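These numbers come from the heavy atoms of this one structure, side chains and all, not from hydrogens, waters or symmetry mates. Keep in mind it's a predicted model, so treat the numbers as computed, not measured. Chain identifiers are assigned alphabetically (A, B, ...) following the order of the sequence lines, protein sequences preceding nucleic acid strands; residue numbering begins at 1 within each chain.
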Amino acid sequence: MNELSKSGRIDEARKMFDKMSERDEFSWSTIIAAYANLGRLDEARKLFDEAPKKSSITWSSLISGYCQHGCEIEAFELFCQMRLEGQKPSPYTLGSVLRGCSILGLRQRGENLHGYAMKSGFDSNVFVATGLVDMYAKCKCILEAECLFETLTDRKNNVSWTAMITGYSHNGDGYKAIECFRDMRAEGVESNQFTFPSILTACATVSACDFGAQVHGCIVRSGFGANVFVQSALVCMYAKCGDLRSARRGLETMETDDVISYNSMIVGCVRHGFEEEVLSLFKKMHSRDMKIDAFTFPSVLNSFASMMDTKNSKSVHCLIIKTGFEAYNLVSNALVDMYAKQGSLACACEVFNQTVDKDVISWTSLVTGYAHNGSHEEAIKLFHDMITTGTCPDEYVIASILSACAGLTVLEFGKQVHANFIKSGLESLSIDNSLVTMYAKCGCIEDASRVFNSMRVRNVITWTALIVGYAQNGKGKDSLQFYDQMIATGTKPDFITFIGLLFACSHAGLVENGLQYFESMDKVYGIKPGPEHYACMIDLWGRSGRLNEAKELLNRMDVKPDATVWKALLGACRVHGDLELGESAANKLFELEPSNAVPYILLANMYSAAGRSEDFARIRQMMKSMGIRKEPGCSWIEMNSHVHEFMSEDRGHPRTSEIYSKLDEIMILIKEVGYVPDKKFALHDMDEESKELGLAYHSEKLAIAFGLLTLPPVVPIRIFKNLRNEMSLVTASLVYLICQAVTMEYTPEYINSRGLEIHQVSIQHNNTVDNFDKMSLDDQESETTDD
DNA sequence: GTAGGGTTAG
């Protein structure tokens with residue numbers, strides 16, 4: 001009977017069992033184990049319940065059957081029942097339930113079993129010890145696993161070595177896995193068909209292609225090269241390391257069509273920029289009638305996302321619906337991500353709403369989608385919903401939400417997210433990077449720098465965030481120093497680093513440096529400048545008064561200029577009164593961004609300044625007839641969770657009279673220190689008097705006056721604004737002078753005696769911050785639009 | 001009768 005069940009001839013074994021006149025414990029457990037091993041658990045259970053006397057073997061047979069067929073919970077229940085009935089578990093039973101813990105990641109239960117194993121002395125059994133190593137490793141307790149593994153000393157066999165290698169690999173330490181594999185070989189333990197897939201996976205996680213190729217050599221010599229697990233692990237290793245030729249060769253030499261190997265091949269193509277090949281691989285799977293699984297779709301959808309292939313997206317989505325795979329989160333989350341990346345947020349939402357058991361990845365896909373499409377409020381709202389519905393945030397969603405905070409410059413909320421991240425004890429490079437960006441964008445460059453200094457690991461994104469952050473905060477020279485430090489640490493700059501660097505140069509007026517960096521981009525780092533870099537360079541020339549160089553660069557551009565380039569040029573033309581070039585730049589912008597009011601107003605003002613009132617009227621008429629309206633400037637300041645909002649010449653605030661007299665007081669002080677209102681930048685259809693009035697009672701100035709009135713001197717004044725525009729030049733000098741005036745108001749003696757500091761004033765716009773505490777007038781920016 | 005392995009979306 002034993003022989004029959006071992007060869008899978010269960011029905012014959014059963015007949016034999018039924019005919020037996022005397023059934024001992026051994027025959028009961030044999031037939032139960034036979035059913036259990038085949039996954040026929042109901043029949044196994046029925047026999048188990050009928051068995052007159054249950055030995056440890058009978059219990060173990062059923063328990064291990066449950067564990068092998070995904071019924072770990074039933075196995076645990078049975079294990080408890082076994083102990084309640086006074087039956088002592090054996091090393092066999094322990095091994096089975098430990099495996100259940102490994103699969104479900106149940107550390108607590110695993111620790112209890114460890115305790116039992118120690119009490120019963122089974123922990124020295126190599127099977128149990130290996131089960132414990134595996135359990136701890138799968139529960140992410142790699143140190144405990146390591147410790148137990150060491151206690152095995154000279155009893156380590158290839159199974160325990162493999163468990164340890166897999167443990168390292170699954171805990172993200174591919175290098176330790178490789179080291180462990182080397183030790184195993186050094187001790188003369190042979191690898192088998194289990195060891196090879198495990199070590200190859202480790203190689204793939206750290207892109208150790210050379211070592212992987214050496215393992216490949218061992219495989220060929222060992223004779224395990226025909227095993228499908230080994231072959232697919234080889235395909236995966238080569239594909240992930242980017243050696244797609246070797247991966248393909250591996251795939252082609254396989255005798256059977258293996259879905260997992262094809263999936264790996266597709267992943268490799270997506271990760272290494274061969275998205276076009278994905279579709280043909282996918283079609284091949286189809287034509288060969290392979291059983292496509294839930295792992296196939298995410299990578300395929302990923303390739304559609306990066307290729308913006310909306311047509312195939314739809315048809316594969318249809319296929320997913322037809323085959324029922326939208327029920328898998330793995331697939332539906334990838335659909336949400338794909339649609340979001342393609343900018344089809346409505347489709348992304350639809351799939352998201354249909355997802356029944358939303359997990360943290362479902363939420364993150366949509367949150368990130370909204371954030372990337374600039375809908376930061378929506379992203380934060382969703383994040384809120386996610387928390388409310390009880391989904392625990394992880395590092396991905398936190399990083400995303402912090403960049404939404406940066407986009408909105410909502411410092412207080414960002415700080416709360418930061419605090420919760422610290423409490424969570426998580427560690428994440430992306431979160432730290434997002435924090436640097438968020439603090440810098442909110443004007444808290446010291447906090448950004450603090451996060452940066454606390455980081456143990458940094459990458460090019462970290463350094464770029466800092467470089468851009470300092471530049472945005474008016475500290476372009478610091479940006480350049482950080483760039484030098486970055487290079488010194490051996491980190492290579494990327495496309496974005498140069499945008500930040502050139503931005504820093506143009507805003508700090510560092511023409512020579514900017515030029516040098518711009519040239520080094522392609523020459524030293526092989527990075528071709530994009531329109532963003534040209535825009536910075538044109539801005540740099542424009543700000544330094546070298547309009548001819550700006551023009552020359554425009555003509556030399558080997559990429560098509562985009563709106564940012566024309567905006568930079570228009571800004572430069574306005575400052576230097578080049579009407580002809582300004583006209584052409586504005587006309588380009590009318591085409592590219594027809595509903596943007598800014599270029600209309602800039603051009604109109606340029607006409608007005610040149611005394612061409614007819615053209616001025618023509619542009620204004622054009623705006624009117626096209627229904628283009630400038631968003632009215634609005635500033636607000638937060639105080640005790642209350643928002644105080646101001647429009648230009650606003651008299652709606654309860655403390656209006658105080659605010660106006662404070663502002664008048666400051667204006668007098670400002671004039672005393674040499675401020676002359678520059679009417680050039682006001683709207684030109686105002687009369688002379690209201691021009692000066694408009695300048696004096698502009699929204700951010702009302703907000704600043706209110707801040708000065710209500711906040712103690714040491715508290716920074718943080719103004720929020722909806723626009724960043726032409727008035728900023730005036731505002732910049734104003735704010736600077738206000739700072740000076742305030743210093744005069746509070747004499748150095750007074751400041752010292754009170755231990756106070758001057759107010760730091762910052763004005764936050766949609767996408768950046770102007771900080772004016774220690775800024776010199778030379779550092780001021782000339783802004784490009786109107787308010 | 002017991003232990004270990006390959007694809008995994010943000």
Where at least one partner belongs to [range], residue pairs that pass salt bridge (Lys or Arg N to Asp or Glu O under 4.0 Å), sequence neighbours excluded:
range	value
residues 229-244 of chain A	none
residues 255-274 of chain A	A:Asp257-A:Arg288
residues 118-128 of chain A	none

What pairs with [X] under salt bridge (Lys or Arg N to Asp or Glu O under 4.0 Å), at least two apart in sequence or on another chain?
X	value
A:Asp357	none
A:Lys46	A:Glu50
A:Lys54	none
A:Arg249	none

Could you check whether the side chain of A:Asn157 and the base of B:dG4 have a donor-acceptor pair of N or O atoms closer than 3.5 Å, going by distance alone? no

Among all residues two or more places apart in sequence or in another chain, which pass the ring pair (Phe, Tyr, Trp, His ring centres under 6.0 Å) test with A:Phe295? none

Between [atom2] on [N] and [atom1] on [X], what's the gap in Å once rounded to a whole number?
X	N	atom1	atom2	value
A:Arg155	B:dG4	CZ	P	18 Å
A:Ile31	B:dG1	CD1	P	12 Å
A:Met135	B:dT2	CE	C1'	16 Å
A:Leu94	B:dG1	CG	P	19 Å

Taking DNA chain B as the partner, which of residues 344-354 of chain A come within under 4.0 angstrom of it by heavy atom?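 Nothing qualifies; none.
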
Where along residues 52-66 of chain A does a heavy atom come under 4.0 Å from DNA chain B, residue by residue in number order?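 A:Ile57, A:Ser60, in order of number.
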
For A:Ser160, report the nucleic acid contact type (base, sugar-phosphate, nothing); a contact means any heavy atom under 4.0 Å.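 Result for A:Ser160 = nothing.
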
Find out whether the Lys NZ or Arg CZ of A:Arg109 is both under 6.0 angstrom from the six-membered ring centre of A:Phe76 and within 45° of the ring's axis.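 The answer is yes; both the distance and angle limits are met.
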
Step through it carefully: locate the ring centre of A:Trp363, locate the ring centre of A:Phe352, and say whether they are under 6.0 Å apart. yes

Base versus backbone protein contacts along nucleotides 5-10 of chain B [heavy-atom cut-off under 4.0 Å; B, S, -]: BBBBBB

Side-chain atoms of residues 188-198 of chain A: list all donor-acceptor pairs with protein atoms under 3.5 Å, sequence neighbours left out, distances to 0.1 Å.
{"residue": "A:Asn192", "atom": "OD1", "partner": "A:Phe194", "partner atom": "N", "Å": "2.9"}
{"residue": "A:Asn192", "atom": "OD1", "partner": "A:Thr195", "partner atom": "N", "Å": "3.0"}
{"residue": "A:Asn192", "atom": "OD1", "partner": "A:Thr195", "partner atom": "OG1", "Å": "2.9"}
{"residue": "A:Thr195", "atom": "OG1", "partner": "A:Thr162", "partner atom": "OG1", "Å": "3.1"}
{"residue": "A:Thr195", "atom": "OG1", "partner": "A:Asn192", "partner atom": "N", "Å": "3.1"}
{"residue": "A:Ser198", "atom": "OG", "partner": "A:Thr166", "partner atom": "N", "Å": "3.4"}
{"residue": "A:Ser198", "atom": "OG", "partner": "A:Thr166", "partner atom": "OG1", "Å": "2.8"}

